[in-house]
Amino acid sequence: MSGAGRSAKAQSSNQRVVVPFDDNRHLHRLLGEYDSHLALLEDRLGIEAHAHGNVIILSGSEAACAIARSVLEELYARVVKGEAVGAGDFDGLIRHARQEVAPGATSSDGPAQIATRRRVVKARTPAQSTYMRALEKFDLVFGIGPAGTGKTYIAVAQAAHCLERGLVERIILSRPAVEAGERLGFLPGDMRDKVDPYLRPLYDALYDVLPPEKVERDLEQGIIEIAPLAFMRGRTLSSAFVILDEAQNTTSMQMKMFLTRLGENSKMVVTGDPSQIDLPPGMRSGLEEAVALLDGVTGIEAVRFANADVVRRDLVARIVEAYDKLGPSSRPIDATPILKSK
């Protein structure tokens, strides 16, 4: 086919879609400052998008324009309800829509979400949706993958959701105190002063999904407990939502100890990034071992996140990808459950 023929075919395959909206005030909030959200649609989908009055005009391939239209209409409906929308909401819906139209993709229920008192946490990637649904269904869930994929934040949001609805009586958040070779004894202050630096990401997530006054009150009353992994030994954790973060830094015995703390009417989430193990050389991570040993056990599910699931910003995803190229930790990570219940 000649160059002119290919050009004519490409032009004929492009669509021009006009998407109307009822209220220009809501439309202004939808499009963002200086129409920045339209620019994001153009960049992600390879289309042209222009606002004209109360309509958006889309030009590009039929599939890309269909995704753009569905994203705009879904987020416009959120704006009408009074919800704030940002670039992350656009990016998340685009990722979900792309998975739904990919060859061989299965039908999807759309982005999953978790409602807490302060906010509704919506999945921004298909892997996050898989993870959220696993947290609802299974008593023990592993979330595995690189930093910035929302593993810990989503787990804390689900814990807050369950606590507020009376599904559990308390939240217990834990981490192994293994960071860059430091030991707790070298840090000044009492025990809380020593462990707080290790557990700060868990505090941050709590304050983001629950009112600060509730977090403080529940911490004082023991309804929310944040403690290093060593404090879990000998306990039975009943009617609780239990989260172990940074689990790649557990030993085999520590992981076994933690998993066997699970009591009646409790849920447990274990998160970690196998590419960031701070254990002594030659010591196998308890996280990797547990995932392998528990494959196929009823009531357990694991979800792996990929570099493409990083939601902090594009630069973080590129950093993770660059580091992954250094060694064997760069093996492909699937965004689907890796443990199948029977």
Side-chain angles (χ1 to χ4, degrees), residues 1-113 120-130 132 150 306-318 335:
M1 182 182 294
S2 68
R6 284 193 299 269
S7 177
K9 183 177 180 180
Q11 290 179 3
S12 65
S13 66
N14 281 352
Q15 302 287 313
R16 184 176 184 274
V17 179
V18 178
V19 188
F21 297 93
D22 296 331
D23 192 323
N24 280 356
R25 293 171 301 173
H26 294 320
L27 184 58
H28 177 73
R29 292 170 53 204
L30 173 70
L31 300 184
E33 190 172 4
Y34 303 115
D35 293 346
S36 59
H37 296 156
L38 279 188
L40 189 150
L41 282 177
E42 291 180 323
D43 180 63
R44 294 289 193 271
L45 295 172
I47 63 172
E48 293 184 3
H50 304 283
H52 184 72
N54 69 325
V55 303
I56 303 296
I57 302 172
L58 308 172
S59 300
S61 71
E62 181 178 1
C65 287
I67 290 175
R69 178 170 193 154
S70 68
V71 169
L72 287 168
E73 290 177 344
E74 165 68 21
L75 293 179
Y76 180 81
R78 294 186 193 178
V79 169
V80 170
K81 294 177 183 177
E83 298 181 25
V85 301
D89 298 295
F90 277 82
D91 192 50
L93 284 179
I94 291 169
R95 295 193 201 199
H96 279 84
R98 276 177 164 167
Q99 185 190 52
E100 291 173 11
V101 301
T106 57
S107 59
S108 172
D109 295 326
Q113 64 181 41
V120 176
V121 180
K122 294 182 172 69
R124 292 188 176 181
T125 71
Q128 285 191 353
S129 282
T130 298
M132 288 183 179
N307 296 342
D309 297 307
V310 174
V311 294
R312 286 180 182 165
R313 55 180 295 187
D314 290 344
L315 179 58
V316 176
R318 294 196 294 273

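- Note that CD1 of Ile67 and CD1 of Ile47 are 9.0 Å apart. Values are rounded to the nearest 0.5 Å.
- Of all the heavy atoms in Arg69 and Val19, the pair that sits closest is CG-CG2, 3.9 Å.
- The minimum heavy-atom distance linking Leu40 with Ala87 is given by the pair CD1-CB, 3.7 Å.
- Distance check, rounded to the nearest 0.5 Å: SG of Cys65 to CD1 of Ile57 gives 11.5 Å.
- Two residues are said to be in side-chain contact when any heavy atoms from C-beta on lie closer than 4.5 Å; Ile94 and Leu45 meet this criterion.
- Considering all non-hydrogen atoms of both residues, Asp89 and Arg78 come closest at OD1-NH1, 3.5 Å.
- Lys122 and Glu83 are joined by a salt bridge, as a carboxylate oxygen and a charged side-chain nitrogen come within less than 4.0 angstrom of each other.
- The distance from the CG atom of Asp91 to the CG atom of Leu41 is 10.0 Å, given to the nearest 0.5 Å.
- Rounded to the nearest 0.5 Å, atoms NE2 (His52) and NE2 (His50) are 11.5 Å apart.
- The distance from the NE2 atom of His28 to the CG atom of Asp35 is 8.5 Å, given to the nearest 0.5 Å.
- The nearest pair of heavy atoms linking Gln15 to Ser61 is CG-C, 4.3 Å.
- Atom-to-atom distance recorded for Leu75:CG and His37:NE2 is 9.0 Å, nearest 0.5 angstrom.
- Put simply, the side chain of Asn54 never gets that close to the backbone of Asp22: no donor and acceptor are under 3.5 Å apart.
- Looking at every heavy atom in both residues, Glu74 comes nearest to Leu93 through CG-CD1, 3.5 Å.
- Between Tyr76 and the options Leu30, Val71, Val85, a side-chain contact (heavy atoms from CB on, under 4.5 Å) holds for only Leu30.
- The shortest non-hydrogen separation linking Ser129 to Pro111 is OG-CA, 3.4 Å.
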